[in-house]
There are 2 protein chains.
Amino acid sequence: MPYHHGDLRRALLDSALEAVAEHGPVAISLRDVARRAGVSHAAPTHHFGDKTGLLTALATEGWTGLADDLARTADRGQDFAELGVTYVLFATSHPAHFAVMRAPGLVRGDDPELSAAQNRAGELLRTGAAQHRNPAAASDPTTALAGWALVHGLSVLLLEGAVDPPGGNVADLARSITKRLGPAVDNDEMAVVSANKQP
Amino acid sequence: MPYHHGDLRRALLDSALEAVAEHGPVAISLRDVARRAGVSHAAPTHHFGDKTGLLTALATEGWTGLADDLARTADRGQDFAELGVTYVLFATSHPAHFAVMRAPGLVRGDDPELSAAQNRAGELLRTGAAQHRNPAAASDPTTALAGWALVHGLSVLLLEGAVDPPGGNVADLARSITKRLGPAVDNDEMAVVSANKQP
DNA sequence: CGGAGATCTTGACGTTGACAAGATGTGGTT
DNA sequence: AACCACATCTTGTCAACGTCAAGATCTCCG
């Protein structure tokens, strides 16, 4: 048993998550986090060096968790749309992590561990897009980008409360949204689709 | 001529925009903004009451500008996809405003003027979606949501530098992405689309 | 058992956001 | 023209914060 805690680093990360959940990632204070963990105001310095360091660690943890979730659904053989659902579910069920992940300026963007975790998540989305059942979408390199943008934006809107899912069912809403992403089509082609669409 | 300036409120907003562009919306300091405007450190208080007040004013300004841009393209008779392009163009050409607009926790979300401006922009997107050329998409209430999520996410990714547009042409990239948004289709229907898609 | 290094505390410094009180300019009323 | 109510801006102050330096305490290996 080290000093005061079994694992102060972990305890500080948890306290920070608590604080983020309560006051948002911007209003968080290092001294408050230390207080929650029951240690002196300078204790976090040794573990994270910096306020930015602590938030970067949190962000890295978040991206790693997201990548793990994505990897699990990909292993389950799910298609690209379902990867998007996983993304949205992660965001809404880990709001504190997600808030830190998407907070620009609070995080050291060039941190190698953070970049690695981000790249892993991005890579999973990209390979998922390349296996899109529609060949035109699968071969289009912007499919991954469009999918990412779609689920990222939906997550943000959900967390801001700008949208509330019918019946509180986030997964169904996410599914109905990600299903909208097809290959690039012109307006006349869309007409064909809609002509084919009927009960 | 009032006191020191012709319009200190405007001068402070401009100084704040400068500061946001340089250091991001999180690192901004009221005292620094006052310094840039050449006034005392407490001058902003009277105009905005609060640090949050100043950023809320900036966000309101941003949403108003975005709504104006959207209204202009809607008046020009452009379709829903082009509204999305306008959204992305606004974000990338007013990065400081957009950063404040999407910064949660920095802004007083219940501000009436801010909400009004946000609702105006949202309403424009919604009526644009209802006029989608594809009837199945036009009648689907989630079209506006999906479109918003798509362009919002793309804007974020562009500003974070996670994506750089080919040839620096943001409009073309945005257009190719928004074109991906069709009516909800199943996989077999997608096959029909791709069968019809050829030179 | 002894010392080296990791871990945590204590103390200090400059900066910040917010508040209070006072100074200064402005416009309207008589 | 004199006055006064009010808006505007300044000065002074305070607690809280992030960061750094120096010292205390714990751990473990030789």
Side-chain angles (χ1 to χ4, degrees), chain A residues 1-59 99-100 103-111, chain B residues 1-59 99-100 103-111:
Chain A
M1 195 148 55
Y3 200 76
H4 243 155
H5 285 81
D7 189 351
L8 180 55
R9 184 189 154 89
R10 184 68 256 155
L12 287 171
L13 285 174
D14 289 341
S15 300
L17 273 181
E18 244 184 59
V20 169
E22 286 179 24
H23 307 102
V26 172
I28 180 181
S29 121
L30 263 191
R31 289 172 111 102
D32 178 55
V33 170
R35 236 171 280 139
R36 288 172 194 258
V39 291
S40 80
H41 65 254
T45 300
H46 185 261
H47 288 278
F48 305 103
D50 215 341
K51 184 180 185 177
T52 306
L54 187 148
L55 290 169
T56 304
L58 269 188
V100 177
L106 289 180
V107 157
R108 208 172 341 263
D110 57 344
D111 183 87
Chain B
M1 192 149 55
Y3 201 75
H4 243 155
H5 285 82
D7 188 351
L8 180 55
R9 184 188 153 90
R10 184 69 255 154
L12 287 172
L13 285 174
D14 289 341
S15 300
L17 273 181
E18 243 184 61
V20 170
E22 286 179 23
H23 309 333
V26 172
I28 180 180
S29 124
L30 265 190
R31 290 172 113 104
D32 178 55
V33 170
R35 238 171 277 141
R36 288 172 194 258
V39 292
S40 80
H41 65 254
T45 300
H46 185 261
H47 289 277
F48 304 102
D50 215 342
K51 184 181 185 177
T52 306
L54 187 147
L55 290 169
T56 303
L58 269 188
V100 178
L106 289 179
V107 157
R108 205 167 349 257
D110 57 345
D111 184 87

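The chains referred to below are lettered A, B, ... by the order of the sequence lines, with proteins before strands, and numbering in each begins at 1.
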Phosphate oxygens OP1/OP2 of dC9(D): is one of them under 4.0 Å from a side-chain N or O of H47(B)?
yes
Starting at atom CG of L8(B), determine the distance to atom P of dA7(D), rounded to an integer number of angstrom.
16 Å
Go through the structure and list residues passing side chain to side chain donor-acceptor pair (under 3.5 Å) with D50(A), not counting sequence neighbours.
none
Nearest-0.5 Å distance, CG of residue L17(B) to CG of residue L12(B)
11.5 Å
To the nearest Å, give me how far apart CZ (F48(A)) and C1' (dT7(C)) are.
13 Å
All side chain to side chain donor-acceptor pair (under 3.5 Å) counterparts of R10(A), not counting sequence neighbours:
D14(A), E61(A)
side-chain contact (heavy atoms from CB on, under 4.5 Å) with A16(A): which residues, sequence neighbours excluded?
I28(A), V33(A), L54(A), L58(A)
Of all residues at least two apart in sequence or in a different chain, which pass the side chain to side chain donor-acceptor pair (under 3.5 Å) check with D32(B)?
R36(B)
Scoring nucleotides 13-22 of chain C by protein non-hydrogen atoms under 4.0 Å (B base, S sugar-phosphate only, - none) yields ---SBBB---
Just to confirm, is there a sub-4.0 Å distance from OP1 or OP2 of dC8(C) to any side-chain nitrogen or oxygen of H46(A)?
no
Output a table of donor-acceptor pairs, distance under 3.5 Å, between side-chain atoms of residues 38-49 of chain A and any protein atom two or more places apart or on a different chain; print 'none' if there are none.
{"from": "T45(A)", "atom 1": "OG1", "to": "A42(A)", "atom 2": "O", "distance (Å)": "3.3"}

Separation of atom CZ in R36(A) from atom P in dC17(D), rounded to whole Å
11 Å
